[in-house]
Protein chains: 4
Amino acid sequence: MTVIDLNADLGESYGAWTLGDDRAMLDLVTSANVACGFHAGDPTRILDTLRLATARRTEVGAQVSYPDLRGFGRRDLDLPAADLTADVIYQIGALQGLATAAGTRVLYVKPHGALYNRIVHDERQAGAVVDAVIAIDPSLAIVGLPDSEVGRLAEAEGLRFVPEAFADRAYRPDGTLVSRTEAGAVLHDAAEIAERMLRLATEGVVTAIDGTDIALSAETICVHGDSPGSVAIARAVRDALEASGLSIAPFASSSR
Amino acid sequence: MTVIDLNADLGESYGAWTLGDDRAMLDLVTSANVACGFHAGDPTRILDTLRLATARRTEVGAQVSYPDLRGFGRRDLDLPAADLTADVIYQIGALQGLATAAGTRVLYVKPHGALYNRIVHDERQAGAVVDAVIAIDPSLAIVGLPDSEVGRLAEAEGLRFVPEAFADRAYRPDGTLVSRTEAGAVLHDAAEIAERMLRLATEGVVTAIDGTDIALSAETICVHGDSPGSVAIARAVRDALEASGLSIAPFASSSR
Amino acid sequence: MTVIDLNADLGESYGAWTLGDDRAMLDLVTSANVACGFHAGDPTRILDTLRLATARRTEVGAQVSYPDLRGFGRRDLDLPAADLTADVIYQIGALQGLATAAGTRVLYVKPHGALYNRIVHDERQAGAVVDAVIAIDPSLAIVGLPDSEVGRLAEAEGLRFVPEAFADRAYRPDGTLVSRTEAGAVLHDAAEIAERMLRLATEGVVTAIDGTDIALSAETICVHGDSPGSVAIARAVRDALEASGLSIAPFASSSR
Amino acid sequence: MTVIDLNADLGESYGAWTLGDDRAMLDLVTSANVACGFHAGDPTRILDTLRLATARRTEVGAQVSYPDLRGFGRRDLDLPAADLTADVIYQIGALQGLATAAGTRVLYVKPHGALYNRIVHDERQAGAVVDAVIAIDPSLAIVGLPDSEVGRLAEAEGLRFVPEAFADRAYRPDGTLVSRTEAGAVLHDAAEIAERMLRLATEGVVTAIDGTDIALSAETICVHGDSPGSVAIARAVRDALEASGLSIAPFASSSR
């Protein structure tokens with residue numbers, strides 16, 4: 001593996017409330033998962049972020065979510081499949097409209113928060129997301145956890161599925177993420193994180209929370225940017241990858 | 001004038017709440033102004049209405065609004081231009097996405113409620129709506145009141161502007177609508193309304209509330225469908241127009 | 001058992017959307033479960049309903065819900081306990097304020113929809129609801145399903161718990177409701193429903209969906225009023241109970 | 001004048017978004033205007049702020065607003081009087097409920113943002129706010145601009161009206177605020193601001209933007225806390241007032 005993508009969640013400010021440093025992160029990542037208004041992001045702030053992405057030629061994806069501003073999309077919601085499909089289409093369409101206005105376009109879909117986690121294993125909701133992508137634009141890739149239900153369904157339908165790794169999260173031996181409610185779930189040491197991601201990108205291996213090495217296939221690495229510390233971590237990851245000679249490029253432009 | 005379009009506001013149900021009889025109206029009108037979720041309509045219900053429109057080959061427009069579910073978009077909101085432009089793009093994009101999923105596409109934009117009324121005279125907000133259409137798709141027509149600010153700005157920017165008349169509304173001698181808060185603003189007699197619209201379509205004239213005849217240029221007539229009585233009125237209008245030999249056809253398909 | 005209460009869900013209109021016939025139902029029931037704005041009801045419409053309840057001396061309860069207008073509170077939401085407690089307090093407080101303005105007061109709390117069903121068995125969410133009631137006013141009763149987790153926790157904390165039966169719903173042999181997604185879950189025959197409720201009120205027995213008789217302890221019977229048919233059923237239930245000599249009176253006024 | 005109150009807008013975080021430093025400000029002010037969820041604040045975050053206020057014995061008021069999370073209540077909304085009254089009652093009631101849970105109570109109402117500005121001159125909306133306070137609790141004071149319509153109507157109805165001054169805002173010669181859209185509207189120099197407020201508190205005079213001195217009657221001074229700089233200004237104001245021997249105490253506890 002000689003090419004890797006870096007992605008981050010952006011456009012998550014809402015009205016008077018600012019979250020994250022989109023400008024800083026757009027200098028570091030190659031793919032921007034832009035909020036669509038259901039868990040974060042209002043049309044004005046989303047449009048601002050899309051314009052910044054256009055200026056930097058960063059690729060854009062739709063960060064779709066359950067409708068839950070108050071809970072930032074992190075609370076599990078038992079949506080009927082028809083509602084979830086319609087909600088995802090609505091969000092992608094809205095972002096496509098704003099992307100057109102900003103001079104760019106949406107190339108992929110990355111479900112957010114509780115939806116992201118649920119479609120790792122929930123076949124009904126995973127299928128609803130896949131149905132939405134097929135209905136609006138089957139050329140859109142879907143980003144998600146490796147070995148997930150959504151990945152299997154997406155590929156079975158002929159969609160491109162892009163497996164991702166999380167830079168600052170601990171893994172269980174089975175390749176799933178350690179829950180945020182458990183100790184050690186989130187890593188904070190920039191050097192350690194950079195080293196882990198370098199190994200992942202070059203060897204396809206990451207050390208799980210129990211100390212064992214596990215194989216992890218990822219075409220993109222998610223970094224965060226919602227605090228000064230997280231921006232520094234993202235920078236450290238990028239610097240380590242570049243220093244090792246890896247090419248950092250958007251997955252959406254490649255056809256692997 | 002030998003061709004006229006009939007339009008109606010549809011897709012205005014929300015969750016458990018049903019409003020209007022979309023099926024009945026889709027058999028009567030040639031253009032469906034579909035709500036986009038800001039004053040009414042949720043993605044699931046909107047998608048249902050779009051599928052019905054596809055099946056009947058009714059043309060579809062985006063009924064964009066202020067963000068005001070509680071007030072059904074009827075309360076004047078002093079939006080900054082940048083917010084209004086972004087909100088309108090977001091809504092059109094969302095509807096485009098759902099329309100694609102339903103096998104149809106959005107051909108025009110009709111602002112709703114308080115926004116509709118405000119951009120008759122408010123240059124800043126009218127310009128914001130025009131900017132939104134230019135930014136997302138300048139081939140979209142804008143439907144509005146004849147002699148309105150939004151019409152002037154749209155045409156100055158090279159957009160198609162489609163003037164409309166309201167079947168069940170009384171007019172002032174200057175061609176504006178009598179406010180709903182005044183007596184006689186809304187007409188209820190189906191035969192009278194049908195007769196008025198026939199005269200409008202054939203002579204370009206309507207009798208104002210003071211009894212004088214005024215010239216009114218309209219390419220489309222708005223009929224309502226939110227009660228059994230209003231559906232009957234819409235049917236009477238359609239029947240009268242057809243009986244007189246007029247062709248009822250979507251404006252969006254014509255190139256006048 | 002010689003006294004029984006009838007309750008109904010009211011105040012569930014929202015903005016331009018009307019749901020149910022609050023006037024008709026307020027002539028039939030003795031307890032009004034008034035929506036608090038989270039699944040239905042806006043402050044204006046809620047206030048209207050509360051004024052009608054005051055005029056008829058109907059007792060008022062807070063019909064609290066997950067925050068989900070779009071889904072009418074019927075979609076399961078995995079709320080953290082602290083959020084659920086705060087949400088329930090907020091809703092009760094808001095309704096108390098409107099009740100004061102309408103010249104009445106809130107005497108009980110009835111969770112709605114998915115929340116109602118979840119706290120039958122979910123100890124964490126049931127406890128969060130109980131905590132909310134204790135925090136704002138421990139004199140409020142809680143209405144719920146007999147033998148439910150929320151009932152046990154409420155009584156353990158010294159709150160009054162009022163078990164209820166549903167007039168138009170089928171029961172499983174274990175006393176829980178047949179899910180709405182199963183055949184036969186909702187009954188439609190007014191005479192049959194009235195007969196069932198009369199037997200429940202006088203014998204404490206209802207026939208389950210498998211034909212067996214089960215004991216069911218209920219101090220209040222929930223009737224619906226969201227369609228002309230459901231209002232007729234509510235009237236049949238009331239008429240049958242009264243004809244048999246039962247006293248229909250609000251549970252909140254009794255101290256059994 | 002030997003006693004003065006300091007107030008600040010608090011509880012304005014929402015879900016994942018944090019705004020302001022409520023802990024720091026609660027050490028500086030004597031009255032906390034707590035958001036009620038319509039422009040900012042969710043039940044959980046509001047409850048947290050109320051608990052902090054209880055611990056510090058800071059008085060609590062309801063910071064009521066137009067329903068406009070996206071616009072932070074700063075966008076003018078043409079609400080019918082009945083809707084505005086019901087909305088204000090709802091918000092006060094919700095905050096009363098949360099205040100009870102937090103061991104404190106609501107003593108006053110301070111309209112926020114665009115509503116605050118509109119009821120300086122709009123008699124209909126000012127009356128709607130006054131009606132709401134009378135309906136829910138006429139012992140609540142209303143905080144607003146001196147010489148405003150809301151003040152006149154409140155006092156005509158026998159309510160207590162508390163005129164306030166803004167520490168960091170420039171005044172016109174007529175005593176109204178210079179609009180935020182004009183240059184010089186917001187002051188930033190902590191020493192200058194502290195000096196102005198000291199003169200206001202001791203002499204009842206402030207220098208207007210044209211250099212003239214104007215009389216300004218205020219029982220409370222509004223300070224902001226939404227940035228590190230604004231917290232420092234608030235501290236400078238408090239220090240200057242205390243150093244001069246003034247007593248800083250909540251207006252709600254006084255009966256002047």
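Keep in mind that what you see is a predicted model, and the values were worked out from it rather than measured.
Residues of residues 34-42 of chain C lying under 4.5 angstrom from chain B, judged on non-hydrogen atoms, are C:H39, C:A40, C:D42 in numerical order. Residues from residues 222-236 of chain C never place a non-hydrogen atom less than 4.5 Å from a non-hydrogen atom of chain B. Residues of residues 59-95 of chain C placed with any heavy atom under 4.5 Å of a heavy atom in chain B are listed by number as C:L69, C:R70, C:F72. For residues 14-25 of chain B, a heavy-atom distance under 4.5 Å to chain C picks out B:Y14, B:G15, B:A16, B:W17, B:T18, B:L19, given by residue number.
Counted within 6.0 Å of CZ on B:R56, heavy atoms from surrounding residues, nucleotides or ligands total more than 12; the atom is thus considered enclosed. Few gaps surround CZ on B:R124; more than 12 heavy atoms of other groups in view lie less than 6.0 Å from it.
At a 4.5 Å heavy-atom cutoff, the contact between B:S13 and chain C is made by backbone atoms alone.
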